[in-house]
Amino acid sequence: MTLRLAAVAFFALGVVINASSPPQTPDFLRSQATMEPIVRGQPFSADGTVTLKLILYDGTRIERVVPARYYRDSEGRIRREQTVMGLSPLDPGKDTQAVVTIVDPVGGFLYTMVGDRREAQRMSIPPNRMRSLQQQLEQLQAQLPARESVLPQGFASKDEVLGTRQVNGVQAVGRRTTTTIPAGIVGNDRPIEVTDEVWTADDLKLQVLVRHHDPRTGDVETQFAKISRVEPSADLFRIPPSYKIVDIPGGIR
Amino acid sequence: MNPIDDNSPLSRALRAVRDEDAHMGASPRIETALLAEVRSRARVTRYTRLMTLAAAACLTLVVGGSIWWLRFTNLDAQTTTFTMREVTTDFLPLPYSGVPTSTGRIVRLEVPRRALDSFGLGSAGIVDGRSSDVVLADVLIGDDGLARAVRFVRSTSHQE
């Protein structure tokens with residue numbers, strides 16, 4: 001609940017800031033290459049899928065399903081093989097980009113391998129930055145005013161506990177946050193409901209199913225399946241010897 | 001004819017004197033003084049040689065150390081001279097910025113220069129004054145792989 005509240009509050013704050021001033025980003029986000037939680041002693045691997053659904057005004061339906069692969073070892077290293085989406089504002093002809101990221105809290109580096117380029121970008125992660133997401137968000141939450149006060153005026157929000165159930169083979173706890181945009185705020189003739197539903201496997205500290213519903217931008221669903229708790233091969237967390245390592249100056253400041 | 005006749009009275013007298021003085025030597029006091037003088041001069045010679053060697057060694061150390069120090073400081077200067085720094089814009093929102101995420105990472109991509117125009121940065125030339133067709137962009141992605149925000153990056157050398 002804490003995570004979700006903080007995440008929603010953070011993005012609500014971002015919306016408020018963006019609406020009233022030039023684009024800004026809270027310092028903790030601006031300067032960090034990763035907010036990845038470090039989870040040790042809970043190795044697993046899983047297939048992931050991201051599904052985007054949107055119905056346009058003329059009735060056109062858009063649905064995209066993008067696969068991913070996720071690994072975590074006992075030391076807390078993480079490897080993600082995924083397709084980044086939403087890049088069309090940067091390159092209209094290329095909305096997606098295959099990316100492999102390795103977060104290595106042991107070595108203190110974040111590696112990124114983009115597409116077919118045989119190079120790995122390396123950013124250093126100072127030890128004092130290797131805090132868990134929980135700590136970061138709790139600190140953020142402590143700095144933020146109460147959630148209701150950062151929501152735009154008139155917006156309402158409620159949280160629900162959905163209980164515990166099996167999701168894709170693992171025990172998960174569900175929570176839902178519903179934010180209501182009252183009629184008239186953006187010219188809408190009726191209230192708009194935005195919902196975020198998250199099912200979390202507490203032992204793995206993994207969100208196995210996340211659903212975001214917003215009538216304005218469509219639905220986004222992310223889930224992990226075929227979850228295996230076998231220790232992944234150590235080679236998955238190493239940069240291939242033939243790859244050139246390119247240091248990103250400054251790393252995480 | 002030999003100018004000196006060995007059998008001459010003078011020769012015989014000189015031989016007699018020589019034979020008579022054959023068993024004579026310096027007195028023990030003079031011998032001791034002479035030996036002391038000779039040994040003293042030998043010690044002075046050894047000391048001088050030792051001091052010369054020590055001076056040469058010191059000179060070698062001073063010269064060698066100076067060369068090493070100069071090289072070390074020059075290398076250090078080169079390192080700091082070419083330290084790379086980056087100038088970045090603030091993060092700018094992308095279409096999926098409104099989708100919540102609990103984690104995020106930054107991925108550096110090369111994107112077409114015209115991407116700057118999409119964010120109102122192209123004509124002002126505030127990001128990069130170079131003529132390359134691509135610019136660097138740090139893209140913030142969530143754990144779902146959706147791009148949330150972007151900032152543009154310019155690498156520049158910085159003298160420290």
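Just so it is clear: chains get the letters A, B, ... in the order the sequence lines come, proteins before strands, and each one is counted from 1.
Proximity to chain B (any heavy atom under 4.5 Å) is restricted, for A/Thr83, to the backbone atoms N, CA, C and O. Proximity to chain B involves both the backbone and the side chain of A/Val84, based on heavy atoms less than 4.5 angstrom apart. For A/Arg117, the part lying under 4.5 angstrom from a heavy atom of chain B is the side chain only. Interface residue B/Leu146: backbone and side-chain heavy atoms are both found under 4.5 Å from chain A. For A/Gln223, no part lies under 4.5 angstrom from a heavy atom of chain B.
Heavy atoms only, all atoms of each residue included: A/Thr112 and B/Ile106 are closest at OG1-O, 4.1 Å. Closest non-hydrogen pair, B/Pro100 versus A/His212, comes out as CD-ND1, 3.3 Å. The nearest pair of heavy atoms linking A/Gln121 to B/Val107 is OE1-C, 4.5 Å. In terms of heavy atoms, B/Ser118 sits closest to A/Pro89 at OG-O, 3.3 Å.
Rounded to the nearest 0.5 Å, atoms CD (A/Glu221) and CG (B/Asp144) are 11.5 Å apart. Rounding to the nearest 0.5 Å places CG of A/Leu110 at 8.0 Å from CZ of B/Arg105.
With a 4.5 Å cut-off on side-chain heavy atoms, A/Asp91 and B/Leu109 do not count as touching. Under the 4.5 Å side-chain criterion, counting only non-hydrogen atoms from C-beta, A/Leu90 is in contact with B/Val150. Between A/Val114 and B/Glu110, every side-chain heavy-atom pair lies at or beyond the 4.5 Å cut-off. Looking at B/Arg114 and A/Pro92, their side chains come closer than 4.5 Å, going by heavy atoms from C-beta outward.
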Applying side-chain contact (heavy atoms from CB on, under 4.5 Å), run through B/Val139 and A/Leu87 and close with a yes or a no.
-> CA-CA 9 Å; B/Val139 179; A/Leu87 300 174; 3.9 Å; yes
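Note on B/Ala137, B/Ala115, B/Gly145, B/Pro95: by heavy-atom pairs under 4.5 Å with chain A, the leading option is B/Gly145.
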